[in-house]
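Model, not experiment: these values are computed from the prediction. All ligand and atom numbering here is 1-based and tracks the order in the structure.
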Amino acid sequence: MDYDVVVVGAGPAGCLAAKYAAKNGAKTLIIEEHASIGSPVQCAGLLSTSAIGECEVVLDSGFHPIKGAFVYAPDRRRIRISGGEIKAYVVDRRIFDRTLAENAVRSGADILMRTRAVGIDIEMETRGHGHGRRRILHVAIEGEPDVIEAGVVIGADGVQSRIAQWAGLDTPETILSGAQISTVYDFDDLEFVEIFMGSCAPGFFAWAIPYHGSARIGLAVRPGFGSRSAWAHLKRLIAEHPVVSGKCDSGIAGIVLGGIPISVPQQTAAEGLLIVGDAAGQVKPTSGGGVYPGAVCAKIAGKIAADAVLEGNTSARRLSEYDKLWRTRIGRELVIGRRINEWMARLSDSEINRLVGVLDDDELLDLITRYGDMDHPSVVVRKLLMNRKSMGAFLKMALMR
Ligand SMILES: Cc1cc2nc3c(=O)[nH]c(=O)nc-3n(C[C@H](O)[C@H](O)[C@H](O)COP(=O)(O)OP(=O)(O)OC[C@H]3O[C@@H](n4cnc5c(N)ncnc54)[C@H](O)[C@@H]3O)c2cc1C
């Protein structure tokens, strides 16, 4: 098998990268180790309207609309953030990812299921594609060893990316541990998600997300914060949290466990190779959402990979244009998000109680509603830092630490 671009992994990032490689004229293949796309699910499925737009997926009646959030402090005080409009949807990632894969196929990409990448080499070009070097991808197709030649390999193989490791690229250094269950939950408003801050989810937060008749209750824990696993924290949240325990049914219909990378490596391009999505730590550090940033970067990766192969120059230098372009587009937002996450992670329960108390103010809630954007949290943080009331409270909190 010989392709211009081979994408490893049929998650959202892989499917979009393949779609854009194929659309830009490259003979493209996606390989996926599982027998079914989108499975096992490792996601709460909460996607902003812009994430869905970026993925180029048409709204479906199966998507569950979300208009806002209740944010709970450890002392149970809560603030309501809502602009009245639909801000996000909750989706079934199995169906969502399959739609993305079909879109890639419609654009001309091939897909091989039950095909796992097991190694990668590089060899001198001898035919066809100019003076570049070719990547040799070692694969197991339904367990049988084989090789696939590629001008460019795109590693979209998720948080534990082997492609990045084999290529000698750094992998994300901070990975949150996530755990989630599907169950029944007594939501106050089925168009609102609930967020729980504080030591119930050390270094991050817990969530309750409505999806039609059921709920996805989960949390993530930052490494080095708290002595228990994410799963142990989740069991405790359900059994003991003053709000969640009273609203959550004890029956569990499904369990999701997974890592969420919240730091980006130094380099995401090498000779004849790019990494994208979770493999490249392209995840919002404030929310753990990876679909939006992964989609933005995957489209850039697909186009650059196709252009480079068709020009006959797949050198690391040529492909580093991808690295430059995606950092220009969302790099700053990820860096600011990381700082916000680090600051929030270190707040004690009593500091979070005070912070939520400060934000529980008509003027500040109006500001959050107007400028809050799931995909660009730096905008509202800047507004809060420029506001006399909230800035005064933040300074006081910083001085009291
Ligand atoms: C508990 C939890 C909740 C989350 N909730 C949200 C949310 O609400 N909203 C949101 O935006 N994000 C959420 N995320 C993050 C989101 O799921 C990821 O950011 C997103 O799936 C990353 O997409 P991706 O395409 O980069 O990788 P993935 O979706 O992980 O896809 C990688 C694919 O590569 C395949 N693969 C891996 N290795 C190989 C190999 N060697 N050969 C062939 N195939 C291979 C895998 O089978 C997989 O299909 C959540 C994550 C967790 C853990």
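- The shortest N or O to N or O distance between G258 and ligand 1 is not under 3.5 Å.
- Annotation: R93 places an N or O atom under 3.5 Å from an N or O atom of ligand 1; distance criterion only.
- Residue G290 has at least one nitrogen or oxygen atom sitting less than 3.5 Å from a nitrogen or oxygen atom of ligand 1, judged on distance alone.
- Looking at R116 next to ligand 1, no N or O pair under 3.5 Å apart turns up.
- For the pair L47 and ligand 1, the shortest N or O to N or O distance does not fall below 3.5 Å.
- Contact of the Y20 side chain with the V5 side chain is not registered, since no non-hydrogen atoms from C-beta on lie closer than 4.5 Å.
- Any N or O atom pair closer than 3.5 Å counts here, and D97 shares no such pair with ligand 1.
- Of the polar atoms of G178, none of the N or O atoms is found under 3.5 Å from an N or O of ligand 1, judged by distance alone.
- Between K299 and E56, at least one side-chain N (NZ, or NE/NH1/NH2) sits under 4.0 Å from a carboxylate O, which counts as a salt bridge.
- Of the listed options M113, E32, R216, E32 places a heavy atom closest to atom 35 (C) of ligand 1.
- Aromatic rings of H64 and Y89 (six-membered ring for Trp) have centroids beyond the 6.0 Å cut-off, not under it.
- At least one heavy atom of A156 sits closer than 4.0 Å to an atom of ligand 1.
- Remark: minimum distance from atom 13 (C) of ligand 1 to any protein heavy atom is reached at C43 SG, 3.4 Å.
- Proximity of V8 to ligand 1, defined as any heavy-atom pair under 4.0 Å, is confined to the side chain (atoms from C-beta onward).
- Remark: ligand 1 and W207 share no N or O pair separated by less than 3.5 Å (distance only, no angle test).
- Considering only non-hydrogen atoms, atom 8 (O) of ligand 1 lies nearest to L46 out of I31, L112, L46.
- The shortest N or O to N or O distance between A117 and ligand 1 is below 3.5 Å.
- At least one N or O atom of V291, backbone or side chain, sits closer than 3.5 Å to an N or O atom of ligand 1.
- Between P12, A179, G11, it is P12 that holds the heavy atom closest to atom 23 (O) of ligand 1.
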